[in-house]
Amino acid sequence: MATTTEQRTQDDAAGDTGRQVTYLDALRETLRSAMAADDKVCLLGEDIGRYGGAFKVTAGLVDEFGTARVRDTPIAEAGFTGAAIGMALAGYKPVVELQFADFISCAFDQLVTVAAKMRYRVGRGVGIVVRGPSGGGFNGGPYHSQNPEAWFCRVPGLKVVCPATAEDAGALLRAAIDDPDPVIFFEHKHLYRRIKGTLTTEAGELGRAAVRREGSDLTIVTYSSGLHWSLAAAEALADVGSVEVVDLRTVWPIDWETVYASVEKTGKLICVSEDYGAMSVSSEVAARVARDRFDALDAPIGRVSARFTPSPFSPTLEPAHLPTQDQVTAAVRDLLEY
Amino acid sequence: MATTTIKVGERWAEADGELAVAPLEGRELAEDGLPEGFWEVAGYHLNLIREVEAMAARWYRQGKLPGSAYDGLGQEGGAIGTALALERRDMAFPLLRDMGVHLVRGVPPEAMLAHYLGRVGGPMAGRDGNVHFGSPPHGTYPTTSHLPDMAVVANGWALAQQMDGTDRVAAAWFGDGAASTGAAAEALICGGVWKTPCVFVCENNGWAYSTPNRLQFGGTDIASRAEAAGWKAWRIDGNKVDEVYHGMREALEFARSGAGPAFLEMETFRVHGHAAHDAATYVPDGERDRWLNRDPIDYWRTAAAEHGLAAAEIEELSERAKADVAEAAARALEQPYPEPSTVADGVYATMIDGLD
């Protein structure tokens with residue numbers, strides 16, 4: 001294992017921007033370049049130092065930047081997330097790693113009570129990033145598979161980012177680090193080593209969606225893992241209709257301009273997410289489009305999402321909980337044929 | 001209602017702690033270890049915070065105060081004694097019974113009183129009220145209602161100082177009730193491991209709202225929890241302003257030296273209820289009576305006299321505090337309210353469309 005990590009680190013160091021990297025390597029390279037560029041950028045989290053993190057996102061960084069800036073913490077999510085807030089108030093740009101996104105519930109109070117409201121209450125922003133792997137599909141069970149993004153989208157003061165591509169993993173993480181407000185950054189663990197993209201060290205733009213596939217008959221609004229189901233569905237149904245796929249990227253605040261422009265063009269909308277549908281990013285998109293672009297719609301708004309259950313463990317139950325490629329494709333087909 | 005469009009954080013926006021005051025910093029120490037002028041400065045501030053809080057309570061009864069009124073009557077010795085030991089460059093994260101810390105740090109009473117009224121007083125511009133007051137330009141941050149969240153934050157502020165190589169210390173205040181939370185435990189755990197230059201002041205006033213110590217924790221004290229986490233800890237009398245000052249100085253010196261975090265448990269008593277609506281009938285009469293005999297301002301009057309302050313001077317300090325607060329209250333009542341159209345200002349660094 002150690003050899004693999006070292007090898008990977010050397011591979012990373014050998015390359016430069018413009019090369020193809022995995023989603024996970026893009027995260028690491030972005031952390032590295034942000035830390036190299038600004039010594040106020042520092043990392044806190046469990047097992048992120050010598051061990052390199054549970055998923056090895058921070059592998060090798062402690063050798064480069066030392067144990068103070070790549071800080072192994074006690075298992076105290078509230079303790080180190082709150083510490084990151086204090087560091088931000090003292091001029092640092094801390095990036096907190098949650099071993100699994102699920103553990104963000106342990107830091108909820110610090111994020112929602114302290115970080116989110118600080119600027120509004122006292123005029124001082126808390127520029128922290130809290131990042132961690134979310135999402136299911138690997139029998140992680142109820143506490144290693146959740147998609148907690150909607151919990152935070154309804155907290156004034158927070159921004160929530162869910163990158164779906166390797167390019168975005170890097171560019172949006174950089175933007176999150178540069179952002180003066182607290183940003184929650186949910187990486188999809190299924191994408192860590194499965195997709196690649198071009199490495200960039202330039203910051204993307206938070207709050208800006210991307211049209212990943214142009215089309216004229218139907219709009220899919222999605223993000224994170226949902227993008228990949230959506231693109232596959234669009235491809236599979238190319239003979240049935242022309243599908244436009246909008247990747248929100250930042251799930252709060254949402255880029256309404258891009259969403260509305262697409263719906264105006266296609267007249268049909270379906271929201272695809274791995275998260276539940278109820279009280280979700282998808283439900284907000286549907287409600288806004290129904291309110292603001294009702295006249296543009298030619299069909300009821302569709303939705304594909306996880307069943308409203310905890311994330312089950314068993315190999316027979318988890319697929320029954322998560323949306324599947326077949327469900328996404330079938331729902332898109334139905335709406336195209338409406 | 002007169003209003004203003006002044007934004008949150010705009011008042012004193014150019015200052016980043018530069019407005020902080022440490023009235024006794026650098027003064028010569030007498031044989032008893034107290035800085036020159038200690039009894040005057042301590043006495044003025046003890047009376048000042050008591051008068052400020054009495055004004056807020058009066059406004060509450062008169063229906064002038066939105067929300068409720070909270071005070072730290074009987075705990076002023078702890079707040080003032082600890083705050084006086086801070087240096088200018090330190091950072092304070094006080095709690096609801098320690099509002100006197102803000103005054104020692106140089107916050108004008110008028111700003112605090114206007115804040116109580118929901119008007120634009122300090123940097124918070126009506127975004128929060130009552131005891132949720134803080135002024136980063138003066139080196140203080142406001143508490144939240146979720147206690148002791150800001151102690152966790154203070155520990156991080158202190159960690160940043162350690163990384164920067166400064167000798168600034170963060171101090172956070174909380175009570176016996178807040179000490180029961182996971183946040184308190186996690187702050188102690190993290191601070192103990194990282195050896196942060198941080199001081200926690202735990203005011204054990206015996207009651208968390210209506211819950212007495214015996215229903216709050218099973219051990220004999222709170223300081224031993226800090227010791228178990230690797231903090232240097234002391235237990236002191238919180239109603240004697242000079243003892244508090246000495247204790248806090250020792251704690252601050254320990255933390256400032258880089259030896260690690262320090263924890264001060266202060267025994268004190270909350271004379272009033274949790275807030276103005278709470279008559280605290282649950283406190284046995286005997287207990288309150290015992291503590292009324294240990295009032296921190298009475299103690300100051302006696303001790304100051306013993307240290308050579310003339311009776312007239314003692315009276316003058318009390319009267320001056322009273323007059324200053326009366327004047328500040330009149331000015332606070334003249335302050336404008338925040339303009340309703342500014343309600344969405346300051347949620348994010350840049351105004352974002354489409355949030356509603």
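The analysis underlying the following values was restricted to heavy atoms, covering all of them including side chains, and did not include hydrogens, waters or symmetry mates.
Contacts between residues 244-254 of chain A and chain B, counted as heavy-atom pairs separated by less than 4.5 Å, involve A:Trp252, A:Pro253. Contact residues of residues 171-189 of chain B toward chain A are B:Glu186, B:Ile189 (heavy-atom distance under 4.5 Å). Listed by sequence position, A:Ala90, A:Tyr92 are the residues of residues 90-102 of chain A in contact with chain B, using a 4.5 angstrom heavy-atom cutoff. Among the residues in residues 115-127 of chain B, those with a non-hydrogen atom closer than 4.5 angstrom to a non-hydrogen atom of chain A are B:Pro123, B:Met124, B:Arg127.
Chosen from B:Asp128, B:Asp164, B:Asp345, the residue pairing most often with chain A at heavy-atom distances under 4.5 Å is B:Asp164. Put simply, of A:Asp109, A:Val114, A:Asp255, the one with the most heavy-atom pairs under 4.5 Å next to chain B is A:Asp109.
Within the model, atoms CG of B:Asn155 and CD1 of A:Ile85 stand 12.0 Å from one another, a figure rounded to the nearest 0.5 Å. Distance check, rounded to the nearest 0.5 Å: OH of B:Tyr348 to CG of A:Asp179 gives 10.0 Å. We find the NE2-NZ distance between B:His132 and A:Lys117 to be 11.5 Å, quoted to the nearest 0.5 Å. Rounded to the nearest 0.5 angstrom, B:Leu159 CG and A:Phe80 CZ are separated by 13.0 Å.
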Inset, instruction - Give the C-alpha distance, both sets of side-chain angles, the deciding distance and a yes or no for side-chain contact (heavy atoms from CB on, under 4.5 Å) between B:Gln161 and A:Met87. - result: CA-CA 8 Å; B:Gln161 304 314 311; A:Met87 296 175 81; over 6 Å; no
Legend entry - Evaluation steps, salt bridge (charged side-chain N to carboxylate O under 4.0 Å, His left out), between A:Arg124 and B:Asp16: CA-CA 10 Å; A:Arg124 299 289 164 117; B:Asp16 187 20; 2.9 Å; yes
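A donor-acceptor pair is defined here as one N or O able to donate and one able to accept, closer than 3.5 Å; no such pair exists between the side chain of B:Tyr141 and the backbone of A:Val122.
Nearest heavy-atom pair across B:Val193 and A:Pro74 is CG2-CG, 4.1 Å. Annotation for A:Gln110 and B:Asp149: closest pair NE2-O, 3.2 Å, computed over non-hydrogen atoms. Heavy atoms only, all atoms of each residue included: B:Val343 and A:Tyr120 are closest at O-OH, 2.6 Å.
Put simply, the side chain of A:Arg121 reaches to within 4.5 Å of the side chain of B:Thr144, judged on heavy atoms.
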